[in-house]
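Just below is one structure, and these are the notes that go with it.
Just so it is clear, the model here is predicted, and its values are computed rather than measured. We count ligands from 1, going down the list as the structure has it; atoms in each ligand are counted the same way.
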Amino acid sequence: RQWVTEHVYEDIKYESYNGIAKITINRPEVRNAFRPKTTAEMIDAFTRARDDAKIGAIILTGEGEKAFCSGGDQKVRGNGGYVGDDNIPRLNVLDLQTLIRKIPKPVVAMVAGYAIGGGHVLHVVCDLTIAADNARFGQTGPRVGSFDGGYGAGYLARIIGHKKAREIWFLCRQYDAQEALDMGLVNTVVPYEQLEDETVKWCEEMLALSPMALRMLKGAFNADSDGLAGIQQLAGDATLLYYTSDEAKEGRDAFKEKRQPDFGQFPRFP
Ligand code: 2NE
């Protein structure tokens, strides 16, 4: 499989293959922990994948077999957030989480090794998770002086239930791939050697389906847990579809032609 480099970054890789984008956190020396630059680059790459009409599915992964992502880089954690060259403490991974939820294309976490802390939350917010048999999952917040009470806790509880989600956060244990599968935290587990093949296969199956149907379904699944922001996304999709209709175009054209619109020609569906 020949992945093509789409854009060159410092902390991540952004490649594509046959309609699939692959975004790889490339800091294996720190188990793919993210600093503000890593997160900013991921936001940029996800935005490019979102805007690219050729891309129908996005894979998020980590370089190497040891880790998907180990969360925020504790060595650059300052007073109020993670600090980069601009000296501003940031929690910009929260913006990345929201973006992954909003992007109207399926996002698949491809997890080998550790998905820990804020790295665990990143796979949680992806639409699907394909895990290698060496994957290990867990939260560490209460041990290292942090927590993610947003998607990291509330949405996790919606996926696996409150008892298990509270256990994960309150005890800070690690769970292997089979345990993650048993609790509905991942979609499937495969041998590490088959991880990318299996993930690409799932993406290719989705690429053969209606992009608009998948878009509407993602928006609908999210609307339940995203409140008014989720309804806004779904309503925006309705506006998008409405804009493609002759009825909406009549309103636009009438304005431009300085005449009264003739909406009587359009059906009122029951
Ligand atoms: C990930 C884990 C379990 C891996 O263990 P192991 O034994 O395989 O590797 P080791 O030796 O711990 O780590 C290898 C190197 O990576 C660095 C380590 O410090 C070490 O480098 P040296 O010290 O030898 O030079 N490394 C690993 N994780 C790092 C990290 N997150 N930041 C900086 N360097 C890291 C084990 O390493 C582990 O438990 N890591 C810490 C996981 C963690 O607590 N993450 C932060 C959670 S808080 C968070 O992510 C967050 C949030 O809660 C809310 C908002 C935003 C972020």
Proximal candidate to atom 42 (C) of ligand 1 [heavy atom criterion; set Ser70, Gly117, Ala67] | Ser70
Please report which non-hydrogen protein atom sits nearest to atom 57 (C) of ligand 1, along with the residue it belongs to and the distance in Å to one decimal place.
-> Tyr82 OH, 3.5 Å
List the closest protein heavy-atom neighbour of atom 20 (C) of ligand 1: residue, atom name, distance to the nearest 0.1 Å.
-> Lys75 NZ, 4.1 Å
Do NZ/NE/NH1/NH2 and the carboxylate oxygens of Arg1 and Glu196 come within less than 4.0 Å?
-> yes
Starting from atom 49 (C) of ligand 1, which protein heavy atom do you reach first, and at what distance in Å?
-> Gly118 N, 3.5 Å
Out of Gln139, Arg27, Arg31, His120, whose heavy atom is nearest to atom 14 (C) of ligand 1?
-> Arg31
In a check of side chain to side chain donor-acceptor pair (under 3.5 Å) between Tyr82 and each of Arg77, Lys37, Gln74, which one passes?
-> Gln74
Heavy-atom nearest neighbour in the protein, as seen from atom 55 (C) of ligand 1, with distance rounded to 0.1 Å | Leu91 CD2, 3.9 Å
With a 4.0 Å cut-off, strictly under, does atom 7 (O) of ligand 1 pick up any protein heavy atom?
-> no
Taking the inter-plane angle between the rings of Phe68 and His123 on a 0 to 90° scale, is it parallel (under 30°), tilted (30 to 60°) or perpendicular (over 60°)?
-> perpendicular
Is there a donor-acceptor contact under 3.5 Å from the side chain of Arg35 to the main chain of Val76?
-> no
Is the CD atom of Glu204 crowded by more than 12 outside heavy atoms at less than 6.0 Å?
-> yes
Those atoms of ligand 1 less than 4.0 Å from some heavy atom in Gln174 = 3 (C)
Is there a donor-acceptor contact under 3.5 Å from the side chain of Lys164 to the main chain of Gly184?
-> no
shortest atom 43 (C) of ligand 1-to-protein heavy-atom contact is with Thr140 OG1, 3.2 Å
Might you check, step by step, whether the distance between atom 47 (C) of ligand 1 and some protein heavy atom is under 4.0 Å?
-> yes
Can you list the atoms of ligand 1 that are under 4.0 Å from a heavy atom of Ala33?
-> 30 (C), 31 (N), 32 (N)
Quick one: does Gln97's side chain have a donor or acceptor within less than 3.5 Å of a partner on Val125's backbone?
-> no
Pair Asp197 + Lys201: basic N to acidic O under 4.0 Å | no
Report, as yes or no, whether the 6.0 Å neighbourhood of atom OH on Tyr242 holds more than 12 heavy atoms from other residues, nucleotides or ligands.
-> yes
Give the ring-plane orientation class for Phe263 versus Phe266, where under 30° counts as parallel, over 60° as perpendicular and anything between as tilted.
-> tilted
Report yes or no: does Asp133 contribute a side-chain atom to a donor-acceptor pair with the main-chain N or O of Tyr192 at less than 3.5 Å?
-> yes
Do protein heavy atoms approach atom 24 (O) of ligand 1 to less than 4.0 Å?
-> no
Per-atom filter on ligand 1: closer than 4.0 angstrom to a heavy atom of Ile116 are 42 (C)
Could you list the atoms of ligand 1 found under 4.0 angstrom from a heavy atom of Gly71?
-> 50 (O)
Any idea which of Val30, Val144, Leu94, Asp73 brings a heavy atom closest to atom 33 (C) of ligand 1?
-> Asp73
For ligand 1, which atoms have a heavy atom of Glu29 less than 4.0 angstrom away?
-> 15 (C), 16 (O)
The side chain to side chain contact (heavy atoms under 4.5 Å, CB included) partner of Tyr14 among Trp3, Tyr9, Phe46 is Tyr9
Starting from atom 5 (O) of ligand 1, locate the nearest protein heavy atom and write down its residue, its atom name and how far away it is, to 0.1 Å.
-> Tyr114 CE1, 4.0 Å
Can you get from Ile59 to Leu96 by hopping between Ile, Leu, Val, Met, Phe, Trp and Tyr side chains that sit under 4.5 Å apart?
-> no
Look at atom 54 (C) of ligand 1 and say which protein heavy atom is nearest, naming residue and atom and giving the distance to 0.1 Å.
-> Ser146 OG, 3.4 Å
Is atom 38 (C) of ligand 1 in close reach of the protein, with a heavy atom under 4.0 Å away?
-> no
If you have a sec, work out which protein heavy atom is nearest atom 32 (N) of ligand 1 and how many Å separate them, to one decimal?
-> Gln74 N, 3.0 Å
Numbering as shown, the atoms of ligand 1 that approach Val93 to under 4.0 Å (heavy-atom distance) | 56 (C)
